[in-house]
Every structure is written in C-alpha cells, then in structure tokens.
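These notes are about the structure you will find just below.
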Amino acid sequence: MKNRVFSGAQPSGKLTLGNYLGALRNWVKLQENYECIYCVVDMHAITVWQDPKELAAQTRQAAAAYIASGVDPEKSILFNQSQVSGHAELAWIFNCIARLGWLNRMTQFKDKAGKNRENASTGLYVYPNLMAADILLYQATHVPVGEDQKQHLELTRDIAQKFNHDFGVDLFPITEPLILGEGARVMSLRDGTKKMSKSDPSEYSRINLNDDSDTIAQKIRKAKTDAELIPGKADLLEGRAEAQNLIGIYAALSEVSRDTVCTEFEGKGFGDFKKALTELAVAKLAPITEEMARIEQDHAYIDGILRSGAEKADAIAQPILKEVKKAVGFLS
Ligand code: AQP
C-alpha cells in the first residue's frame, strides 16, 4: 500500500490557531512526502446543531483556510466529506463492527455531551466510527492527529483489525498517527487546562484564523496569565497552565523549543512577553488571513475545487468500497 495521509477539520465554526498549529501547518509539510487527502468534514460538524446557511459558509471558509495555509489543490485532494457518499456507507458498516464498549470509553463524547447526555445526538456517539470510515475508505496509512484525537485513531486501528479478522481479509491498513512538533495541543486563552476550541462560547478563549491584527492583540492582552516571571527552563513552568500555553504558542509559531523561548525571555514578566507574542502571531497569521479573505469571496473557485476534489476522492474510494461490500457479502 502507498503512503497515504487523510485528515480533516470540522466546519463547526471559524478555524482557530489550534487547528492551524495542530493540523493545517503540518498538512502543508506532509504534501512533500505523502499522497494527501484533506477533507472538510461537514458530516462530523452536524453531530451538533449547525445552522444550514452558516454550515455552507463555514465549509467554504474552512476550504479557504486550508488553501491559504498552503494546502495545494494541485498536489493534494481537497473536498467536503458529504460529496463522497462512501463515507456514510462505510460508516454504517463500521457501526456494525465497533462494539458499544469501545465507544463508551471515548472521552470526547463524554466531554461534548456533557451533563445533557440523554439529549446528545446519536451521531455524536458514533462520530468515531465515521472518523474510522473517513480514514479507511482511502486505506490511509498515516493520519496527522492532535493529542486529542489519539483515542479516536486507536479505535480506527481496532476497527480495521476486527474487520480484517472477522472477514478473513487484509483490506485495511493499521493506520499510524503522525504527531508533529510543538503546538500538538493549544489550550484556551481563558483556561489553560481546556483545549482551544472553535465552539467554545467565549470569543476570547481563541484566536481565529480570520481575526485581524487588532483583535489578535486584544485577545492576547486579555489572555489569562499569572504574576510570576518567566523561568529559564520550560520544566519550571509546571503547575502554571496558562503560562505554559502562551510559551508553547510562541514556540510553535517560531518553530523552536519551549526551552529556547524560556531562555530568551528569562526573568521577564508576561506584560513584555505578550507584546512579543502579539507581534509574532500577527506576523505569522496576517498573510494567511489576507489570503483567506481573498479566496473566500470567490465561491465559484472554492466550489469548483471541492467538486473536483470529491471526484478524485471518489475514484480512489469506489474500488476499496467494492472490496469491502464483497467481503461483507453484499450483492452488487
Ligand atoms: N486546540 C488545538 N490544539 C491542537 N490541535 C487542535 N486541533 C483542533 N483544536 C486543536 C486539531 O485540528 C484538527 C481538526 O479538528 P476538528 O475541527 O475536526 O475538531 P476538534 O478537534 O473538535 O476541533 P475544535 O476546534 O475543538 O472543534 P469543535 O469546537 O467544533 O469541537 C484535528 O487534527 C485536531 O486535533
């Protein structure tokens, strides 16, 4: 099997700095050495309520963010999930492979369903089966994942193994995670113990990829910190979640280690550090924001890319899906 990468992000809001540092930026690098399939996973997004008009706008905006970050539609396949029906077909088969016990262990469902578990959609519960289908529909060998998605990838591997075993085939690869560099987990600017999330109710918890420079500056200025100074080594930040997060974001944006950042700012307070972080964030994000705004306006261009990407994705998926159906015993 060829080395093939699959990854995606949900158009469930505006893409954030977390999505950029934990996913998009790595996707761009992977294009050099892998055959890459990048998807805007709109079917995942509707596991929680999405206003239809906003979903369509956010899907285009996510595609614009991928392209503005450097995903090249000539090199990689870029499409929105719902245009390739194989995702839903394979997900159903996987609903019948995955065990209830496996899904009951998924912490993301518990986090997202919260206290109102009985009122969560059944889609949210079987979300990891759809994610397994996304990956295995293309026999993807590698998936770049943030720390938070590691458990879902484990489930994908379990599903692949069980399917291969139950039907006596060698159809699905045991997909490997690719966790790359600093920025694997960017935390909320308001609470350093919570992931930066596009659906967090607080705008000030995150930096959106389409925030302008003033908004970025304001959000960093208001970011929660503590009164202590920056130590010379990153280990000494233990127990200071918000401080750790801001140092981590600086390290990820400048592509150096946290220790290097601590050495540079040793003895300084967060007032000074936040000014430097703002300058860096604006310098890195402004070109992406500008390009995103330009692309986003051109609906015909984006829709054309997504449609042609979907055709290419479907051409890879169909023969694999045919093998799957044959293995299961479906007549065609
Ligand atoms: N804070 C983060 N730090 C690092 N990586 C992150 N990713 C998301 N947030 C962070 C990575 O981005 C990719 C796409 O994620 P997603 O949009 O499909 O889903 P998510 O992880 O649930 O993202 P959000 O922003 O938290 O969405 P909502 O609020 O709708 O649930 C993944 O590779 C993810 O690891």
Side-chain angles (χ1 to χ4, degrees), residues 5-30 36-51 54-55 58-59 61-63 65-66 69 71 78 80-82 87 106-114 120-121 123-124 127-128 130-132 134-135 140 142-154 156 175 177-203 205-211 219 223 241-242 244-246 248-249 251-253:
V5 157
F6 178 93
S7 197
Q10 300 183 71
S12 46
K14 292 170 178 158
L15 263 59
T16 70
L17 181 65
N19 294 125
Y20 177 69
L21 293 175
L24 293 180
R25 191 173 67 170
N26 298 325
W27 298 358
V28 175
K29 293 182 188 151
L30 291 170
C36 296
I37 304 177
Y38 295 130
C39 189
V40 181
V41 289
D42 47 7
M43 288 161 64
H44 283 279
I46 63 161
T47 55
V48 298
W49 169 251
Q50 304 293 333
D51 174 85
E54 276 175 27
L55 181 64
Q58 282 161 193
T59 301
Q61 193 181 66
Y66 290 15
S69 300
V71 169
L78 198 171
N80 59 309
Q81 188 183 24
S82 58
H87 290 259
M106 296 295 118
T107 53
Q108 195 184 73
F109 174 75
K110 290 178 198 156
D111 293 344
K112 286 204 170 175
S121 74
L124 188 64
Y127 176 116
L130 178 58
M131 179 169 152
D134 299 338
I135 296 165
H142 294 83
V143 172
V145 283
E147 283 287 339
D148 54 306
Q149 292 291 339
K150 262 169 98 177
Q151 198 186 29
H152 287 167
L153 186 62
E154 278 301 320
T156 301
T175 308
L178 293 168
I179 296 194
L180 308 155
E182 291 282 358
R185 195 161 164 81
V186 179
M187 310 308 280
S188 157
L189 299 179
R190 305 301 305 159
D191 176 353
T193 63
K194 260 173 62 185
K195 193 180 87 155
M196 182 180 284
S197 239
K198 52 179 117 60
S199 59
D200 191 301
S202 164
E203 259 299 314
S205 68
R206 61 178 164 266
I207 292 172
N208 298 321
L209 287 184
N210 65 350
D211 281 345
K219 286 180 176 177
E242 286 79 19
Q244 259 174 348
N245 187 34
L246 293 188
I249 292 173
L253 282 170

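Order of listing sets the numbers, starting from 1, for every ligand and every atom in it.
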Polar contact flag for M196 and ligand 1 (N/O pairs, less than 3.5 Å): yes
Any N or O of K198 closer than 3.5 Å to N or O of ligand 1: yes
Ligand 1 versus S197: contacting region, heavy-atom distance under 4.0 Å: both
Test of proximity, A9 against ligand 1: N or O pairs below 3.5 Å: no
Side-chain (R206) to main-chain (M196) donor-acceptor, under 3.5 angstrom: no
Pairwise side-chain contact, V5 with Y38, heavy-atom cut-off 4.5 Å (strictly under): yes
Sub-3.5 Å N/O-N/O distance, D200 and ligand 1: no
Region of K112 engaging ligand 1 - heavy atom pairs below 4.0 Å: side chain
Flag, side chain of Q151 to backbone of T107, donor-acceptor distance under 3.5 Å: yes
Any S188 heavy atom less than 4.0 Å to ligand 1: no
Ligand-residue contact atoms, ligand 1 with R185, heavy atoms, under 4.0 Å: 3 (N), 4 (C)
Atom indices of ligand 1 within 4.0 angstrom of G22 heavy atoms, with elements: 4 (C), 5 (N)
K110, NZ: over 12 other non-hydrogen atoms inside 6.0 angstrom: yes
Location of contacts on Q149 toward ligand 1, heavy atoms closer than 4.0 Å: side chain
L17/D211 under side-chain contact (heavy atoms from CB on, under 4.5 Å): CA gap, chis, key distance, verdict: CA-CA 10 Å; L17 181 65; D211 281 345; over 6 Å; no
Minimum heavy-atom distance between A63 and L78, given as atom pair plus value: CB-CD2, 4.2 Å
Nitrogen or oxygen of A23 less than 3.5 angstrom from that of ligand 1: no
Closest to atom 30 (O) of ligand 1 among S12, P144, C39 (heavy-atom distance): S12
Beyond-backbone contact of I46 with L55, side-chain heavy atoms, under 4.5 angstrom: yes
Least distance between heavy atoms, S12 atom then K198 atom: OG-NZ, 3.4 Å
Donor + acceptor pair across side chains of D42, Q58 (<3.5 Å): no
Distance-only N or O hit between ligand 1 and S199, under 3.5 Å: yes
Identity of the nearest option to atom 16 (P) of ligand 1, non-hydrogen atoms only, from K194, Q10, K150, Q50: Q10
N208 and K219, any side-chain heavy atoms less than 4.5 Å apart: yes
Sub-4.0 Å heavy-atom contact, N19 with ligand 1: yes
